[in-house]
Amino acid sequence: MVKDKTLRSIEDLVAAGLLPAAALAELEPVAEQFAVGVSSQMAAVMRSRDPDGAVRRQFVPDRRELTVTPAERHDPIGDDAHSPLFGLVHRYPDRVLFKLVSVCPVYCRFCFRREMVGPEGDGAMSDEDLAAAAAYVRARPEIREVILTGGDPLMLSARRVRTVMAHLDAIPHLDIIRWHTRVPVVAPERLTEDLVAAVSRSDKTVALAVHCNHADELTGPAEAGLRALRRAGVMLLSQTVLLKGINDSVPALETLMRAFLRLGVLPYYLHHGDLAKGTSHFRTTLAEGLDLVEALRGRLSGLAQPTYVLDLPGGAGKVPVTRELIAQGGVRTWTGDWHAYPPEAGS
Ligand SMILES: *Cc1c(COP(=O)(O)O)cnc(C)c1O
Ligand code: SF4
């Protein structure tokens, strides 16, 4: 039964009726460069309730991905510059990332780590990697938060999640464990009782930032999964990527933020599109993004206002997008350093 399986190739998408046969030759070069993955849940949405193609365009490969602009790069947010151990990224003094796995339930065509994720990506952290990362945190009391990411960390089994949580729970100075995942939305069937219990079982504050870009992604099972996490005491936050032709309109963003709030998910970040290779057709300008965010101010509860941020290339971190940043062509970050944006090609 094709329906219950992740579609992993152009051939699979053609067989599932989501692409015409003619797409095989046309899109194969795209699939050779970037992983393809459409979960059964997202395939079902595309078939039944995707009037504007807002879901389809996030996951179905497109010829335009072969166009790489001079500013685009392999590691758009500069993770490599701050990675002292395999899988660990330490950019800010008080928090670190663990990139637990490099696989995802879907492969988003705009992914900021698109050259690191997928079946041929960086790979998962082993037991030794995990122990080394935990020891790194344990030795640094200034680290208060561990962010579990990937790929998608909820691709792990409940058993593996319990192991990760046990490592972190044993570090006294940690206050917060934060999951970054797309699973509750795109593969809600993974959120079994066992997995929800494993994700939430800690005396520390457990937060979960769910990646979702359009209200049409939020199916009944996704809503049920988010409710289960909330009942388990998880602090739910949202993460949305601003995407041209998908959610770059006031109604699309307003509907999405209202849906988050209704589900007990506090809107956290609206990300400006990163300079990942072959993603220019998804990027708005900063000014367009700022206009949208300002329009939301008058329309939505203060609780439903995401912060519009840009992750600076080279590893300098996230900064809020402002009129000053746009006018000055750059920004001074918390370290006092000046960073131009857009960056010079290849820098
Ligand atoms: C985004 C990110 C974080 C988290 O930043 P917040 O602003 O706390 O959400 C932490 N470390 C790295 C390397 C990041 O890219
Ligand atoms: S789920 Fe996240 S890491 Fe995975 S492909 Fe999508 S954007 Fe990239």
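The figures here come from the full heavy-atom set of this structure, side chains too, leaving out hydrogens, waters and symmetry mates. Start at 1 with the first residue, then count along the sequence. Each ligand, and each atom within it, is numbered from 1 in the order the structure gives. This structure is a prediction, so every number in the text was calculated from the model and none was measured.
R159 and T163 share no donor-acceptor pair across their side chains, judged by distance under 3.5 Å alone. Remark: the D194 side chain and the T192 side chain contain no N/O donor-acceptor pair separated by less than 3.5 Å. Remark: the S126 side chain and the D129 side chain contain an N/O donor-acceptor pair separated by less than 3.5 Å. For the residue pair D169/S202, the side-chain donor-acceptor check at 3.5 Å is satisfied. With 3.5 Å as the limit, one finds a donor-acceptor pair spanning the side chains of T219 and Q41.
Within the structure, ligand 1 lacks H82 among the residues with a heavy atom less than 4.0 angstrom away. At least one heavy atom of H211 sits under 4.0 Å from some atom of ligand 2. At least one heavy atom of V106 sits under 4.0 Å from some atom of ligand 2.
Regarding atom 1 (S) of ligand 2, its nearest protein heavy-atom neighbour is R182 CD, 3.5 Å. Annotation: atom 7 (O) of ligand 1 to nearest protein heavy atom, Y269 OH, 2.5 Å. At the shortest separation from atom 3 (S) of ligand 2 among protein heavy atoms lies C104 SG, 3.6 Å. Counting protein heavy atoms only, atom 8 (Fe) of ligand 2 is closest to C111 SG, 2.3 Å.
Between the choices I147, L97, D311, the shortest heavy-atom distance to atom 12 (C) of ligand 1 belongs to L97. Closest heavy-atom approach to atom 6 (P) of ligand 1 among the candidates F112, Y92, Y268: Y268.
Side chain of Q305 to backbone of L300: a donor-acceptor contact under 3.5 angstrom is found. Using a distance-only test at 3.5 Å, with no hydrogens or angles considered, no donor-acceptor pair links the side chain of R182 to the main chain of V106. Remark: the backbone N or O of T6 is not paired with any side-chain donor or acceptor of S39 at under 3.5 angstrom.
For H90 and Y136, the gap between ring centers is short of 6.0 Å.
Of the heavy atoms in H271, none comes closer than 4.0 Å to ligand 1.
Close approach of ligand 1 to K318 (heavy-atom distance below 4.0 Å) involves ligand atoms 1 (C), 2 (C), 3 (C), 4 (C), 5 (O), 14 (C), 15 (O). Within the listing of ligand 1, atoms 13 (C) sit less than 4.0 angstrom from a heavy atom of V89. The R95 neighbourhood of ligand 1 comprises atoms 4 (C), 5 (O), 6 (P), 7 (O), 8 (O), with distances under 4.0 Å to a heavy atom of that residue.
At a threshold of 2.8 Å, atom 8 (Fe) of ligand 2 has no backbone or side-chain N, O or S atom of C108 nearer than that distance.
Remark: ligand 1 and R91 share an N or O pair separated by less than 3.5 Å (distance only, no angle test).
Following chains of ILVMFWY side-chain contacts shorter than 4.5 Å, one cannot reach M42 starting from I246, and the two form parts of different hydrophobic clusters.
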